[in-house]
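Reviewing the structure listed below.
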Protein chains: 2
Amino acid sequence: MEKITTVVPKSLEEAYTFLKSRIHERMVIIVVGNCRVEYEGRAASRISEGERILIIKKDKAVLLHRPFGYEPINWQPSSSIVSISLQKDSVRMDFIRDRPHEVLRLEFRDIFFIGCYRIEDHAVFEMYGCEKDMQEAIVLEPEAIEDGLNILEVEKKISCGVIDVYGMDKDGRIVIMELKKDKAGKEAVLQLKRYVNVIGRELGKNRVRGILVAPDVKSDAFKLLKELNLEFKRFTPKMARRIIRKHKVKTIDKY
Amino acid sequence: MEKITTVVPKSLEEAYTFLKSRIHERMVIIVVGNCRVEYEGRAASRISEGERILIIKKDKAVLLHRPFGYEPINWQPSSSIVSISLQKDSVRMDFIRDRPHEVLRLEFRDIFFIGCYRIEDHAVFEMYGCEKDMQEAIVLEPEAIEDGLNILEVEKKISCGVIDVYGMDKDGRIVIMELKKDKAGKEAVLQLKRYVNVIGRELGKNRVRGILVAPDVKSDAFKLLKELNLEFKRFTPKMARRIIRKHKVKTIDKY
DNA sequence: GCCTAGGTCCCGTTA
DNA sequence: TAACGGGGCCTAGGC
């Protein structure tokens with residue numbers, strides 16, 4: 001059970017024999033070779049022969065990469081069922097998943113390289129600067145939005161969706177906040193408007209304000225916002241991070 | 001200039017020397033090793049040490065994959081600027097892109113394997129069963145949607161977006177069609193509503209119809225559709241393919 | 001450059 | 001299970 005095994009096969013038969021013995025094991029397998037591809041499932045695709053890189057991961061996620069570009073040209077999400085067979089002039093691999101039923105078939109006319117890697121990665125991935133951070137920061141420090149604001153609820157579920165942050169201003173009016181980590185577009189404005197309408201119908205229109213909270217708004221979206229009598233407050237993921245860090249320090253200081 | 005070169009380096013120095021000499025060449029490089037990662041750009045992330053697979057493509061698209069899962073844990077889209085350096089206990093690689101400015105830094109504490117592949121892939125990728133197919137089919141055979149329908153325009157640009165298919169029904173009313181290849185949700189309904197509003201304001205509300213054309217609608221979306229006085233017509237990518245194939249045969253028959 | 005919209009999007013969360 | 005929204009989404013097409 002070596003950590004790494006690599007083969008530069010001299011024939012398709014050799015490649016097939018090697019792959020067959022490992023393809024069902026829980027390891028990462030990389031195959032470099034010339035293949036054509038057919039996919040059928042939610043959509044359908046085909047591509048004729050070309051030199052590509054196939055990655056089969058431990059969880060049977062499958063990626064077929066061209067020598068350029070960020071995205072795989074074909075793929076199968078994790079838990080696909082793998083089968084391999086030796087054809088007359090090719091090594092065929094089928095990757096099948098159910099729900100939805102999708103079949104990815106590779107036909108390798110040539111295999112240049114096979115690598116098998118028994119690798120482990122249990123680290124925890126940490127991400128900052130996402131919408132969740134903005135929400136957390138506003139809860140910690142509502143005055144970052146405006147003085148006298150009180151947060152009543154986050155992720156408040158209403159009939160037609162979820163309100164990111166729900167609060168009350170110093171004059172007792174309800175404040176509905178829609179957060180965006182990027183420059184906000186029209187959908188964000190209309191989303192906010194729907195929430196304001198629903199709550200407005202319940203509590204009375206002039207008792208409800210809607211604030212789009214984002215680093216920026218697209219110009220058309222800003223026009224729409226004004227037309228719909230909504231507000232905009234600039235707030236960025238970076239500002240959120242600063243607030244969160246500050247409050248973490250405070251919490252630590254207490255002890 | 002071999003097509004494939006692989007190395008199982010005995011030291012970080014060896015790995016560094018090898019990588020340094022090839023990392024700027026137009027080839028695909030795969031590195032398997034133990035690294036930690038920091039990313040800063042639109043957001044920020046960090047992950048501590050773990051065994052991962054790095055792929056640097058010919059166009060300097062960069063993918064860092066864990067041994068499981070479909071998605072890369074960190075990445076850089078094509079055209080990133082690559083640099084590599086030997087640190088005290090690690091090989092460091094920086095991948096930088098501008099607009100937006102983003103930095104991805106990998107710190108390899110251990111490198112198990114390096115592979116370099118000079119591969120070519122010029123094949124054309126063909127995809128079927130996408131929204132474009134539905135559009136094409138409706139143009140070829142408008143009666144697939146309803147009798148007496150006339151198509152006037154596709155991809156019609158209006159102030160707030162693009163109308164997939166724009167036509168006129170047998171009674172002379174404008175028909176705005178929003179296509180979805182999958183079960184349609186609320187966004188699709190709202191998208192359609194926006195277009196109908198805009199055109200309705202121009203031509204008069206009762207002169208304009210909106211039809212959501214999709215294989216299915218989500219139940220809440222259907223309610224919303226009815227409330228907003230819009231229509232639904234079932235139409236699938238498969239039905240579209242059949243129509244397109246039929247018309248291709250006809251075209252061939254002519255000659 | 002910005003904006004719009006699609007994607008075999010994937011993925012997590014929740015009713 | 002379906003529905004909904006986020007994402008460093010990426011990518012293509014317009015203007």
Side-chain angles (χ1 to χ4, degrees), chain A residues 37-45 61-64 69-78 80 95 97 99-104 125 127-132 134-135 155 157 159-164 178-188 191 216-221 237, chain B residues 39-45 61-64 69-78 95 97 99-104 125 127-132 134-135 155-164 178-188 191 194-195 216-224 237:
Chain A
V37 190
E38 279 168 41
Y39 154 77
E40 183 138 10
R42 284 165 291 180
S45 77
V62 176
L63 308 165
L64 184 69
Y70 165 82
E71 293 184 326
I73 182 79
N74 283 104
W75 71 89
Q76 205 67 282
S78 56
S80 65
F95 304 97
R97 80 152 161 170
R99 256 177 304 277
H101 183 72
E102 301 194 285
V103 180
L104 173 63
F125 182 69
M127 168 77 85
Y128 316 97
C130 47
E131 209 184 279
K132 265 275 161 302
M134 293 171 71
Q135 196 176 83
E155 307 279 337
K157 278 103 199 148
S159 63
C160 70
V162 182
I163 295 171
D164 285 334
E178 172 64 30
L179 312 185
K180 289 290 165 212
K181 61 177 272 302
D182 296 310
K183 198 170 194 176
K186 258 174 292 207
E187 346 70 53
Q191 211 174 322
D216 201 358
V217 213
K218 293 175 186 178
S219 62
D220 288 7
Chain B
Y39 152 78
E40 182 134 15
R42 285 166 291 180
S45 77
V62 176
L63 308 165
L64 184 70
Y70 165 81
E71 293 184 326
I73 183 79
N74 281 106
W75 70 91
Q76 206 63 286
S78 54
F95 305 97
R97 80 152 159 169
R99 254 175 304 278
H101 183 72
E102 302 193 284
V103 180
L104 174 62
F125 182 69
M127 169 76 86
Y128 316 97
C130 48
E131 207 184 282
K132 266 273 161 302
M134 293 172 71
Q135 195 176 82
E155 306 280 338
K156 183 184 172 70
K157 277 102 201 149
I158 61 169
S159 62
C160 70
V162 183
I163 295 171
D164 286 334
E178 173 62 33
L179 312 185
K180 289 292 166 212
K181 61 176 276 300
D182 296 309
K183 198 170 194 177
K186 257 181 289 205
E187 348 71 55
Q191 211 175 323
R194 271 196 300 163
Y195 304 151
D216 201 358
V217 212
K218 292 173 185 179
S219 62
D220 288 6
F222 187 73
K223 267 184 242 166
L224 186 61

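We name chains A, B, ... by the order of the sequence lines, and we start the count at 1 in each one.
- Here the side chain of A:Met127 is nearest to one of D:dG8, C:dG6, C:dC11, namely D:dG8.
- Nucleic acid contact for A:Leu179: none, since no nucleic acid atom lies under 4.0 Å from a heavy atom of the residue.
- At a threshold of 4.5 Å between non-hydrogen side-chain atoms, the residues B:Tyr195 and B:Asp164 do not count as touching.
- C:dG7 sits 14 Å from C:dC11 when the C1' atoms are compared, rounded to a whole Å.
- Separation of the C1' atoms belonging to D:dG6 and D:dC10 is 14 Å when rounded to the nearest angstrom.
- Within the nucleic acid shown, B:Gly161 comes within 4.0 Å of sugar-phosphate atoms alone, with no base atom in reach, counting heavy atoms only.
- For the C1' atom pair drawn from D:dG5 and D:dC9, the interatomic distance equals 13 Å after rounding to whole Å.
- In this structure, A:Lys186 reaches the C:dT4 phosphate: one of its side-chain N or O atoms is under 4.0 Å from OP1 or OP2.
- Among the heavy atoms of the strands lying under 4.0 Å from A:Asn74 is at least one base atom, whether or not backbone atoms are also near.
- For the pair A:Glu187 and A:Tyr39, both in contact range of DNA chain C, the more 5′-proximal nearest nucleotide belongs to A:Glu187.
- Contact between the side-chain N/O atoms of A:Lys218 and the OP1/OP2 oxygens of C:dT4 is found at a separation under 4.0 Å.
- Here B:Glu40 lies out of heavy-atom contact (under 4.0 Å) with every strand.
- Closest to the A:Lys180 side chain, of the nucleotides D:dG8, C:dA5, D:dG6, is D:dG6.
- Here B:Tyr195 lies in heavy-atom contact (under 4.0 Å) with sugar-phosphate atoms only.
- OP1 or OP2 of C:dC10 sits under 4.0 Å from a side-chain N or O of A:Trp75.
- The side chain of B:Arg194 contributes an N or O atom lying less than 4.0 Å from OP1 or OP2 of C:dA5.
- Nearer the 5' end of DNA chain C, as judged by each residue's closest nucleotide, is the contact made by A:Ser219, out of B:Glu178 and A:Ser219.
- Comparing atom distances between the B:Glu131 side chain and each of D:dC10, C:dG7, C:dC9 picks out C:dG7 as nearest.
- Here A:Pro77 lies in heavy-atom contact (under 4.0 Å) with sugar-phosphate atoms only.
- For B:Arg42, a side-chain nitrogen or oxygen approaches OP1 or OP2 of D:dC9 to under 4.0 Å.
- The side chain of B:Lys157 has D:dC15 as its nearest neighbour among C:dC10, D:dC15, C:dG6.
- Each of C:dG7, C:dT4, D:dC4 was ranked by its minimum atom distance to the side chain of B:Asp220; first place goes to D:dC4.
- Inter-residue side-chain proximity for B:Lys186 and B:Lys223 is flagged as unmet; no heavy-atom pair is nearer than 4.5 Å.
- In this structure, of C:dC9, C:dC10, D:dC9, it is C:dC9 that holds the atom nearest to the side chain of B:Lys181.
- The aromatic ring of B:Tyr70 does not sit over the base of C:dC10, since the test of centres under 5.5 Å and planes under 30° is not met.
- Taking the side chain of B:Asp182 as heavy atoms from C-beta on, and the options C:dC9, D:dG8, C:dC3, the nearest nucleotide is C:dC9.
- Contact between the side-chain N/O atoms of B:Gln191 and the OP1/OP2 oxygens of C:dT4 is not found at any separation under 4.0 Å.
- A salt bridge does not link B:Glu187 with B:Lys218: every distance from a Lys NZ or Arg NE/NH1/NH2 to an Asp or Glu carboxylate oxygen is 4.0 Å or more.
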